[in-house]
Amino acid sequence: MSGTGAQKKWLTLTAVVLAAAAVFLLGYLLAAPSGATRAAPQQAEKQQESPLAKLARRSPADPLALGRPDAPVVLLNYGDYRCPFCAKFSRDIEPELIERYVRDGVLRIEWRDFPIFGEESLEAAKAGRAAAAQGKFWEYLGAIYRAAPERGHPALPHDKLVDYAEQVGIADIPRFETDMNDPATMAAIQADATEGSRIGVSSTPTFLVNGDPILGAQPLEQFAGAIEQAKAAAE
């Protein structure tokens, strides 16, 4: 399904913003202690909270989040449905983080839409929001990522997005398509993308662990180390 002219204009503007962004996040990385994004915690001392930690929304009703709203550690995931490295994180890393930390109440994961790979990325983000409206966001996101190729960007035309909705058991497909085209859906996606651009996100996936950045689908040990360090600092 073709996007509207307004959506295409928004994507163009987003690309311009992304090209000029990265200043804040890069500056943060350069200013941060060298151990901030490494696998093992350097110290268990309390640290001053990163200003980016305030981006965690912690809404109990957020269907795009997993874990307790009051978890001591929040991982923000700025992702794109057509991003191969986002898919790799979803398949290889996220299930282990859920098993180790989310189920124990230590970690909360919050999704942020950051569609950067064209019109189909934006349409997929809209579909994800529509799935969330029927309580199937994580199932829907997981289905797309499990079917994604190891390299390159999957094709996600409208009919395929509907197929995934049917696969994960979304009961009301007409509502699903209506919700995709709801202006509120577009506004929510744009809010996420604007937030990411404002802090300098320029690629996907980009993660913040209590405000400390991890760039790309890094090994499990790096995420575990960052979570353990953030947990110790929060205690």
Side-chain angles (χ1 to χ4, degrees), residues 1-3 7-8 11 14-15 62-67 75-103 107 109-182 185-186 188-189 192-193 196 201 203-207 214-220 222-223:
M1 180 176 66
S2 298
Q7 290 171 350
K8 291 180 179 178
L11 282 173
T14 299
D62 186 357
L64 279 66
L66 287 174
L75 182 149
L76 306 188
N77 178 0
Y78 294 85
D80 184 305
Y81 288 71
R82 300 182 66 224
C83 164
F85 296 106
C86 299
K88 178 177 176 58
F89 171 80
S90 175
R91 292 191 302 258
D92 299 345
I93 307 299
E94 191 170 56
E96 187 64 28
L97 297 183
I98 291 170
E99 182 66 28
R100 288 191 192 182
Y101 300 110
V102 174
R103 291 183 179 176
L107 178 67
I109 300 174
E110 295 186 359
W111 171 266
R112 298 288 189 270
D113 282 307
F114 205 75
I116 57 174
F117 295 114
E119 186 74 13
E120 287 187 353
S121 289
L122 177 56
E123 291 299 306
K126 290 162 62 179
R129 294 274 173 168
Q134 297 191 49
K136 293 285 187 177
F137 171 75
W138 292 99
E139 293 90 341
Y140 191 79
L141 182 68
I144 289 178
Y145 281 156
R146 284 192 299 273
E150 291 289 334
R151 298 177 181 274
H153 310 296
L156 294 175
H158 181 75
D159 59 347
K160 205 165 195 178
L161 296 174
V162 173
D163 285 344
Y164 282 122
E166 293 172 342
Q167 286 178 29
V168 301
I170 291 176
D172 193 339
I173 296 300
R175 178 190 167 194
F176 172 81
E177 296 186 282
T178 297
D179 287 340
M180 279 186 67
N181 294 313
D182 188 331
T185 299
M186 182 65 182
I189 295 167
D192 278 2
V201 175
S203 62
T204 56
T206 292
F207 305 93
I214 296 178
L215 307 182
Q218 300 297 330
L220 172 63
Q222 181 161 339
F223 286 96

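In what follows, residues are counted from 1 in the order of the sequence shown.
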Q: Please step through side-chain contact (heavy atoms from CB on, under 4.5 Å) for the pair Asn77 and Phe207, ending with a clear verdict.
A: CA-CA 5 Å; Asn77 178 0; Phe207 305 93; 3.5 Å; yes

Q. Salt bridge check: are Arg91 and Glu150 linked by an N-O gap of less than 4.0 Å?
A. yes

Q.
Run the side chain to side chain contact (heavy atoms under 4.5 Å, CB included) test against Pro219 and tell me which residues pass, sequence neighbours left out.
A.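 Result, side chain to side chain contact (heavy atoms under 4.5 Å, CB included) vs Pro219: Glu221, Gln222.
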
Heavy-atom pair of closest approach, residues [X] and [Y]:
| X | Y | value |
| --- | --- | --- |
| Ala127 | Tyr140 | CB-OH, 3.3 Å |
| Ala155 | Lys160 | O-CD, 3.3 Å |
| His153 | Pro84 | ND1-CD, 3.6 Å |
| Val102 | Gly67 | CG1-CA, 3.7 Å |
| Phe114 | Asp192 | CD1-O, 4.5 Å |
| Ala131 | Ile170 | CB-CD1, 3.6 Å |

Q.
Determine whether the aromatic ring centres of residues Trp111 and Phe89 are separated by less than 6.0 angstrom.
A.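 Centroid distance Phe89-Trp111: not below 6.0 Å, so no.
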
For the [atom1] atom of [X] and the [atom2] atom of [Y], what is their distance to the nearest 0.5 Å?
| X | Y | atom1 | atom2 | value |
| --- | --- | --- | --- | --- |
| Leu75 | Tyr101 | CG | OH | 11.5 Å |
| Cys83 | Ile116 | SG | CD1 | 7.0 Å |
| Asp80 | Thr206 | CG | OG1 | 11.5 Å |
| Glu119 | Leu156 | CD | CG | 12.5 Å |
| Glu139 | Arg146 | CD | CZ | 9.0 Å |

Does the side chain of [Y] come within less than 4.5 Å of [X]'s, by heavy atoms?
| X | Y | value |
| --- | --- | --- |
| Leu220 | Leu97 | yes |
| Cys86 | Tyr145 | yes |
| Lys126 | Asp113 | no |
| Ile98 | Arg103 | yes |
| Leu64 | Arg129 | yes |
| Trp138 | Ile109 | yes |
| Arg112 | Val201 | no |
| Asp172 | Phe176 | no |

Quick check: does any side chain N or O of [X] sit under 3.5 Å from a backbone N or O of [Y], one acting as donor and the other as acceptor?
| X | Y | answer |
| --- | --- | --- |
| Thr185 | Asp179 | yes |
| Asp62 | Glu110 | no |
| Asp182 | Thr178 | no |

Q: Using the side-chain contact (heavy atoms from CB on, under 4.5 Å) rule, take Ile173 and Glu166 through it: C-alpha gap first, then chi angles, then the decisive distance, then the call.
A: CA-CA 8 Å; Ile173 296 300; Glu166 293 172 342; 3.8 Å; yes

Q | Steps toward side-chain contact (heavy atoms from CB on, under 4.5 Å) verdict (Glu120, Leu161) | A | CA-CA 10 Å; Glu120 287 187 353; Leu161 296 174; over 6 Å; no

Q: Show the numbers, then the answer: is there a side-chain contact (heavy atoms from CB on, under 4.5 Å) between Tyr81 and Leu141?
A: CA-CA 7 Å; Tyr81 288 71; Leu141 182 68; 3.4 Å; yes

Q. If you count the non-hydrogen atoms of other residues, nucleotides and ligands that lie under 6.0 Å from CZ in Phe85, is the total more than 12?
A.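 It does not: Phe85 CZ has 12 such atoms or fewer within range.
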
